[in-house]
Amino acid sequence: MENHLRAELTLSGAPPHGTEDLAAFLPELARETSARILGARGTGGLTTWELVGDRLTLVLETEGVRPHQLLLALVKRIGEELGRRWKVGVRSLTVPLYRLHFQLEVVPTAPIGLPLPHRLHREGPSATLELLDLGEEAIRENWADRAVALLKEKARHQSYAGKEQYWALLTASPRREMRTDADPTEAMLARNWIRSGPTKGKWFLGPSAAHLLRTMDRIAREEVLGPLGFSEVVQPHHDSFDILLKTGHLEGLPGEFYYVAEPKTRDPAAWERFTDLVKITRKVPTEELAGLVTGPTAVSCYAQCPTIYWWLSGRTIANDSLPLKVFDRSAVSNRYESGGRHGLERVDEFHRIEPVYVGTKEQLLALREELLRQYAHVFDRILELEWRTAWVTPFYLQQSGGVGVEDADARIKGTIDFEAYLPYRGTREASEWLEFQNLSIVGEKYTRAFTIKAQKGELWSGCSGIGLERWLTAFLAQKGLDPRDWPARFREYAGEMPREIQFL
Ligand code: ATP
Ligand code: ZN
Ligand code: MG
C-alpha cells in the first residue's frame, strides 16, 4: 500500500484477558472508523495489531489518503471502549514509523533533506519517505503532509536556483537630461551631509540630507497619500514571531532580520559583575552579557505591513470603512543586507512609508490605478525623474502558476517595481536601475492568514513600499546636490536648505 503507519499506544493498564479482550471489538471498531474517516477518499485501514501487556501496536495502511487522521480517530475510539469496558485509558501515543509514497514534480539534482529523523528513498520522481519516531503533536499537527510539501518545494527550488525573477516593462518615462554622473553617496560624503554609521549598514544623516529625506516624506504624503484618503497609523517597532509566522516572513527570510533580545532581569545585583567588568576593562564583556540576555524574542521591524495586518486581525471591517487605507512611517526598517550593502541605497536601516490597503478586489484594482497616477505625477512633475515600471514575479510564483505573467489581463495579483536610472552605474541599457519603490496586490493571502473580514464577501489587500533613501538617491543621482539643478517644484518643496556645517 501507498502509506504505512506503525503506532504504539501505552495504556494505563492491561485489559483483564489481554489480546482476547481486544479481539472481541477492535477489528470491527477499526472497520467502522475507517469507513467513517476515509469515506470515498481512500481505502485501507488497520492491517495488524498486537497487545503486549499495556502496550498496543497498531499498523495502518492506506491508499489515496494518508492514515494519520484515521489513527487519531481510532485511538480516540479505542480509548472510549477500553474506558467503558475496563476503565483503562490511553496514556501516550508515538509513531515509530510513518512511510509515505509520493511523486515529486521536479527531480532533484542535489540531495534534499528534512530536519526530522527520516529516511528518503527516491527513484526519479517517485519518492518514499519514512518519518521516524513521531510524537503525538507531530501526528495531530500534520507534520507528515508538511514534510512532503517541503520536500517537493525543495526539489522545485533547485530547478530555478540562480534564475532571474520574471521582469516585464510596463511603462517608461521620457528620457531626461542628467545633471550629474556622480554616485550620490560619494557626493554627500564629500560634502559631509552623511556619515557612515557607528554600526553596520547604517548612516547618520546630517541636517542637509535629513532635510531632503523629510522633503521626500512630505511629497509622498501631500501629493499621493493625502489626496487618496490614506490615514496615518503609528505602529510598534518590534515584529512578533507570531506575526511573521503568519505572513511567511519567518520561513522566507530568517537570515535578513535583526533579532531583538531582552535582559533576563533588570535587578542591578544580577548585572553587578557585568558593570564591574566594564569599569575595570573598559571593554564589553560579551560572554558575561550573553548570559544576562534572553535569546531572540522578536525582530526589529523588517516591513511595516505585517504588524498592520495584526492590528486588523480577527476584525470585521464595516462597508463604510472600505477600502481601508492607512500608512505607517514611524517604524524604521532593519534588514541584514550583508554583502549587498551599497551607499545610501542599500542599507541595513532605512526609512520607509508603507501604505496598506484592504478592500474588495474591484476597490483595490481601482486604487492601484489611482496610486499609479499619483506616483507618476510625483516622479514626472515634481522630481522629474527618468523612471520606469515593471511587472515582476519571483520565479517560484511563476512556476506555481499563481500569477498571470504572460497576459496583461491576468496581471491582477503581483508586484510592480518602480525603477530609476542611476547614471553613475553606466549606460541606460547596460546598467542596473534602482528599485526605488514598489506596489503590490496580494489578493486574499494576508486577509485570510489574519482573519480580516468584510460584512459580505472576501477582502483583498496590498501594500506599497516607499523607500525614502531610495527616492533620495534616485533623485540626487540624476540631479546632483546643487539646488540650482533641481526642478522648480522640488525646490519649492525643499524650501531653504539648512546651513551647512563646516568641519575643520
Ligand atoms: P531589493 O530587491 O532592492 O532588495 P526588496 O524587494 O527587498 O528590494 P521590499 O521588501 O519590497 O524591497 O521593500 C520595499 C521598498 O523598500 C523597496 O522598493 C525599497 O524602496 C525599500 N528598500 C528595501 N530594502 C532596502 C534597503 N536595504 N535599503 C534601502 N531601501 C530599501
Ligand atoms: Zn508590505
Ligand atoms: Mg531586498
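Quick caveat, the model's predicted, so the values are computed rather than measured. Order of listing sets the numbers, starting from 1, for every ligand and every atom in it. The basis for the numbers below is simple: all heavy atoms, side chains too, and nothing from hydrogens, waters or symmetry mates. In this chain, numbering begins with 1 at the start of the sequence shown.
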At a 4.0 Å threshold, what atoms of ligand 1 neighbour a non-hydrogen atom of [X]?
{"X": "Arg335", "value": "5 (P), 7 (O), 9 (P), 10 (O), 12 (O), 13 (O), 23 (C), 24 (N)"}
{"X": "Gly467", "value": "20 (O)"}
{"X": "Val347", "value": "26 (C), 27 (N), 28 (N), 29 (C)"}
{"X": "Glu337", "value": "24 (N), 26 (C), 27 (N)"}
{"X": "Arg352", "value": "13 (O), 14 (C), 16 (O)"}
{"X": "Glu345", "value": "28 (N), 29 (C)"}

Nearest candidate to atom 17 (C) of ligand 1, where distance is taken over non-hydrogen atoms, out of His351, Glu354, Arg346, Glu435: Glu435

Is NZ or CZ of Lys264 both nearer than 6.0 Å to the six-membered ring centre of Phe274 and within 45° of the ring axis? no

cation_pi(Lys413, Trp460) dist<6.0 Å, angle<=45: yes

So Phe436 and Phe418, would you call those rings parallel, tilted or perpendicular, with 30° and 60° as cut-offs? perpendicular

Parallel, tilted or perpendicular: which describes the rings of Tyr421 and Trp433, with under 30° parallel and over 60° perpendicular? tilted

Does Ile466 reach ligand 1 with a nitrogen or oxygen that is under 3.5 Å from one of the ligand's nitrogen or oxygen atoms? no

Return the CG to CD1 distance between Asn438 and Ile466, rounded to the nearest 0.5 Å. 10.0 Å

Taking the ring of Trp387 and the ring of Phe475, is the distance between their centroids below 6.0 Å? no

Using ring centroids (six-membered ring only for Trp), state whether Tyr309 and Tyr446 fall under 6.0 Å. yes

With a heavy-atom distance limit of 4.0 Å, tell me whether Phe418 approaches ligand 1 through its side chain, its backbone, both, or neither. neither

Name of whichever N/O/S atom of Glu354 is nearest to the Zn ion (ligand 2): OE2

